[in-house]
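Structure, as structure tokens:
Basis for what follows: all heavy atoms, side chains included, without hydrogens, waters or symmetry-related copies. We number each residue from 1, following the sequence as shown. Order of appearance sets the numbers: ligands from 1, and atoms from 1 within every ligand.
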Amino acid sequence: MAPTRRGKAPQHWLDLTEAERRDAVVALGLPRFRADQISRHVFEGLDLDPAGWTDLPAEDRQRVAEAFLPRLLTDVRPLSCDGGTTLKTLWRLHDGSLIESVLMRYGVPGIRASGNGRNRATLCISSQAGCGMACPFCATGQGGLQRNLSAAEILAQVLAGARTLADGQIPGGPGRINNIVFMGMGEPLANYKAIMATVRTLTAPGPHGLGISARGITVSTVGLVPRIDQLATEGLPVTLAVSLHAPDDELRDELCPINTRWNVAELIDAAHAYFVATKRRVSIEYALIRDVNDQPERAAMLADVLRRDGGYGWVHVNLIPLNPTPGSKWTASRRDDERAFVRVLERRGVAVTVRDTRGREIDGACGQLAASQAAG
Ligand code: SAH
């Protein structure tokens with residue numbers, strides 16, 4: 001495999017396509033059929049350690065481990081809350097960069113904090129170490145971009161989460177991941193190639209991938225318009241989430257500086273075109289910030305900019321109570337203002353939900369765990 005460049009992760013089984021995996025085992029001097037065998041252990045057994053793979057000759061296990069399965073993630077600090085149904089993990093990468101992933105299980109009988117509804121699990125993953133988008137309300141945005149993650153570093157977060165669930169380490173019994181959201185650290189569409197490789201392996205049926213439905217995968221973006229256009233051509237029905245946070249350019253220029261490159265109108269046009277191409281309802285993320293973007297006039301303005309073909313059938317607004325970052329001048333909206341904002345949207349016929357605040361006491365969303373670790 002390729003030698004390690006500083007910063008860049010060593011190449012890994014999880015970086016390869018099915019065809020590349022076959023070539024790689026042959027290049028190592030092993031029979032071609034070993035590729036499917038290794039993939040079964042990795043994707044079906046969720047096991048990245050060949051030491052216990054008894055169907056592989058003992059002398060080959062070490063070679064396979066060294067050639068294809070270098071350790072990518074080291075668990076620095078797991079934190080759990082919501083009765084054990086939210087598990088956040090801080091990971092150290094081979095070059096010392098820190099990232100995090102969050103596993104959230106819903107609808108666990110007997111655990112109120114896990115919410116109602118059917119038993120399901122969502123994993124929130126990071127796509128970059130740090131982020132270059134510099135949104136001032138986001139903890140990750142404050143530290144700048146360290147580097148892109150490799151596909152294997154992204155997939156390794158998923159394998160770890162899947163393993164934790166399969167092993168029954170989360171209350172509710174052994175389970176599976178139903179949804180994956182690219183809402184951890186980083187701007188996924190700024191790491192486009194690795195994200196596409198990741199999605200292809202996530203959705204590939206076993207033994208070549210994890211067999212997760214594309215519909216259960218959400219790619220969240222601050223608004224890299226050309227990349228949204230490109231994503232629409234991939235023929236993959238992943239859900240697109242657009243982090244809008246303001247309906248007007250004046251405010252959005254401040255909250256999401258990339259808006260000075262692609263403005264609100266261009267972004268909503270691209271999001272709507274994504275809906276037309278994929279028939280997938282687009283999710284509009286809007287963090288409610290007290291007295292900044294939470295006025296009823298802005299709710300009305302939001303409805304105006306989202307209106308397409310006379311209605312709102314293409315879109316769903318997801319309001320996120322701001323999770324204040326340390327030292328920030330901003331905080332979450334008052335409950336009354338939040339309710340009024342929702343009411344304006346509902347009256348206009350916009351589908352709207354307020355996101356639950358899972359994991360709030362362990363710095364839930366938003367890169368705060370990695371940020372505080374790096375500072376400490
Ligand atoms: N770069 C991607 C993924 C970011 S994280 C994007 O911008 O969509 C996922 C969501 O969390 C984004 O909508 C982001 O704007 C939001 N977010 C970031 N910091 C937050 C905070 N402090 N409180 C609430 N939401 C936040």
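Distances between N or O atoms of Gly184 and those of ligand 1 include no value under 3.5 Å. The shortest N or O to N or O distance between Gly186 and ligand 1 is below 3.5 Å. For ligand 1, one of its N or O atoms has an N or O atom of Ser220 under 3.5 Å away. Residue Arg355 places no N or O, backbone or side chain, under 3.5 Å from any N or O of ligand 1. For the pair His245 and ligand 1, the shortest N or O to N or O distance falls below 3.5 Å.
Salt bridge Arg334/Asp294: absent, no basic N to carboxylate O contact under 4.0 Å. Under 4.0 Å is where a charged nitrogen must lie from a carboxylate oxygen, and between Arg163 and Asp167 at least one such pair does. In summary, Asp36 and Arg21 do not engage in a salt bridge, as defined by a charged side-chain N under 4.0 Å from a carboxylate O.
Counting heavy atoms under 4.0 Å from ligand 1, residue Met183 touches it through both backbone and side chain. At a heavy-atom distance under 4.0 Å, no atom of Thr140 approaches ligand 1.
Distances from atom 17 (N) of ligand 1 to the heavy atoms of Phe137, Trp330, Phe182 show the closest one on Phe137.
The distance from ligand 1 to the heavy atoms of Val222 drops below 4.0 Å at these ligand atoms: 6 (C), 7 (O), 8 (O). Less than 4.0 angstrom separates some heavy atom of Cys138 from each of these atoms of ligand 1: 18 (C), 19 (N).
When only modelled atom types and interatomic distance are considered, His12 and Ser150 share no side-chain donor-acceptor pair under 3.5 Å. Donor-acceptor pairing under 3.5 Å is recorded for the side chains of Glu285 and Ser283.
For the salt bridge (Lys or Arg N to Asp or Glu O under 4.0 Å) test, no residue two or more places apart in sequence or in another chain qualifies with Asp49.
Within the structure, the ring-ring contact (aromatic ring centres under 6.0 Å, His included) test picks out no pair touching residues 149-168 (sequence neighbours left out).
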